[in-house]
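Have a look at the structure below before the remarks.
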Amino acid sequence: MTAAPQPPVTAQARAVRIGRRSAAALLLLTVAGVMAFGWPLLAAPSSGLAHSRDAPWLFAALLPLLLAVVVATIADTGLDAKAVAMLGVLAAAGAALRPLGAGTAGIEPMFFLMVLAGRVLGPGFGFVLGALSMFASALLTGGVGPWMPFQMLAMGWVSMGAGLLPGADRLRGRRELLMLAAYGAVASVGYGTVMNLQGWPYIAGLGTGVSFVPGDPLGDNLARFAAYCLTTSLGWDLPRAVVTLAATLLLGPAVLKALRRATRRAAFAAPVAFEGPAAFEGPAEERA
């Protein structure tokens with residue numbers, strides 16, 4: 001008895017193909033982002049950066065420029081009209097979902113959409129979508145400030161990470177859904193943690209047990225940062241993770257199906273061919 005033949009696996013189309021320039025730009029921004037978020041822990045105690053109160057503002061001014069360069073590079077190398085249209089629709093949906101949880105601890109339903117869209121449309125599209133959605137939602141809710149570039153970068157990482165998960169072409173069904181739900185929950189807590197790193201240095205010098213102390217040993221500052229996360233944001237991060245996990249499990253199958261159907265119909269990977277004008281076929285007296 002032979003097993004039934006398996007249907008051929010079709011590679012999942014990507015809305016954006018990441019070339020060398022796009023990959024280099026993303027890598028540069030990621031390195032700069034790690035420095036921007038983690039400079040209090042990365043700087044040596046004896047360095048001037050560890051004692052500088054201007055560092056958060058310098059990084060806040062640098063990140064928008066780097067984000068603009070990366071988005072422009074990706075758009076120049078891979079975003080066609082169909083991808084731009086889908087990007088606009090999904091970014092508007094994400095921006096509209098974020099205010100639904102405004103004022104309620106941790107209820108941010110936009111996270112599950114960013115994860116699912118990044119999974120289907122790929123890491124390059126996911127990064128641009130996450131950053132643009134956070135920018136649009138900040139304008140919509142009035143949340144514009146020095147923290148906004150950090151939010152854009154962190155959300156871009158969340159959506160890009162979903163696009164980098166394994167099995168994009170083969171993994172489907174319950175296993176994929178469980179993987180995305182677990183990733184969404186972890187990414188939701190991770191987003192809150194890295195955003196804590198952005199705001200934590202501002203409370204330096206307040207003399208509390210959770211304050212950042214410039215120049216202190218790494219272990220001491222890490223202990224203070226852990227206490228800071230536990231006492232300030234864990235009550236938001238855990239509900240965000242639960243909401244993202246539940247929304248992915250409940251709505252994920254329908255949203256994944258809709259996104260994949262839209263991707264197939266958009267035919268991002270289909271080559272564009274231009275044909276010459278058809279030869280005129282008509283009566284002999286008209287051709288003469």
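By the side-chain contact (heavy atoms from CB on, under 4.5 Å) test, Leu245 is found to be paired with Ala181, Ala185, Leu249, residues two or more places apart in sequence or in another chain being considered. Qualifying side-chain contact (heavy atoms from CB on, under 4.5 Å) partners for Val31, counting only residues two or more places apart in sequence or in other chains: Leu27, Met35. Thr193 meets the side-chain hydrogen bond (donor to acceptor under 3.5 Å, both in side chains) test with no other residue; sequence neighbours excluded.
Although no hydrogens or angles enter the test, the distance criterion places no donor-acceptor pair under 3.5 Å between the side chain of Arg240 and the main chain of Glu108. Under the 3.5 Å distance criterion, the side-chain polar atoms of Thr231 are matched with a main-chain donor or acceptor of Tyr228. Judged by distance alone, with hydrogens and angles left aside, the side-chain atoms of Thr244 form no donor-acceptor pair with the main-chain N or O of Phe111 at under 3.5 Å. Checking side-chain atoms of Ser159 against main-chain N and O of Gly126 turns up a donor-acceptor pair under 3.5 Å.
Ser133 approaches Met110 most closely through the heavy-atom pair CB-CE, 4.0 Å. Residue Phe112 comes nearest to Leu251 through the heavy atom pair CZ-CD1, 3.9 Å, listed as atom of the first residue, atom of the second, then distance. For Ala187 against Val158, the heavy-atom pair with the smallest separation is CB-CG1, 4.0 Å. Closest approach of Arg119 to Pro166, counting heavy atoms only: NH1-O, 3.0 Å. For the residue pair Leu97 and Pro109, the shortest heavy atom distance occurs at O-CG, 3.4 Å.
No single ILVMFWY cluster, assembled from side-chain heavy atoms under 4.5 Å apart, contains both Leu234 and Val242. Residue Val186 is not grouped with residue Leu164 when hydrophobic side chains (ILVMFWY) are merged at heavy-atom distances under 4.5 angstrom, including chains of intermediate members. Linking Ile, Leu, Val, Met, Phe, Trp and Tyr whenever their side-chain heavy atoms come within less than 4.5 Å puts Leu171 and Val115 in one cluster. When the side chains of ILVMFWY residues are joined at heavy-atom separations under 4.5 Å, either directly or via intervening members, Leu177 and Val255 end up in a single hydrophobic cluster. By the criterion of side-chain heavy atoms lying less than 4.5 angstrom apart, applied directly or through intervening Ile, Leu, Val, Met, Phe, Trp or Tyr residues, Met134 is not grouped with Val89; the two fall into different hydrophobic clusters.
Atom CE of Met155 sits about 12.0 Å away from atom CZ of Phe127, to the nearest 0.5 Å. Atom-to-atom distance recorded for Leu197:CG and Phe150:CZ is 10.0 Å, nearest 0.5 angstrom. Note that CE of Met148 and CG of Leu153 are 12.5 Å apart. Values are rounded to the nearest 0.5 Å. In this structure, Asp237 CG and Cys229 SG are separated by 7.5 Å, a value rounded to the nearest 0.5 Å.
Taking the side chain as every heavy atom from C-beta outward, Tyr191 and Gln151 approach each other to under 4.5 Å. Counting heavy atoms from C-beta outward, Thr248 and Tyr183 have side chains that stay 4.5 Å or more apart.
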Practice item. Evaluate side-chain contact (heavy atoms from CB on, under 4.5 Å) for Met114 paired with Met160, printing each intermediate quantity in order. Key: CA-CA 9 Å; Met114 297 297 103; Met160 182 177 70; over 6 Å; no

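The neighbour count for Phe225 CZ, taken as heavy atoms of other residues, nucleotides or ligands under 6.0 Å away, is above 12.
With respect to Glu176, the salt bridge (Lys or Arg N to Asp or Glu O under 4.0 Å) criterion is satisfied by exactly one of Arg170, Lys257, Arg260: Arg260. Checking Leu116, Val128, Leu90 one by one against Leu121, the side-chain contact (heavy atoms from CB on, under 4.5 Å) holds for a single residue, Leu90.
In the model, Ser137 has a side-chain atom that pairs as donor or acceptor with a side-chain atom of Arg98 under 3.5 Å.
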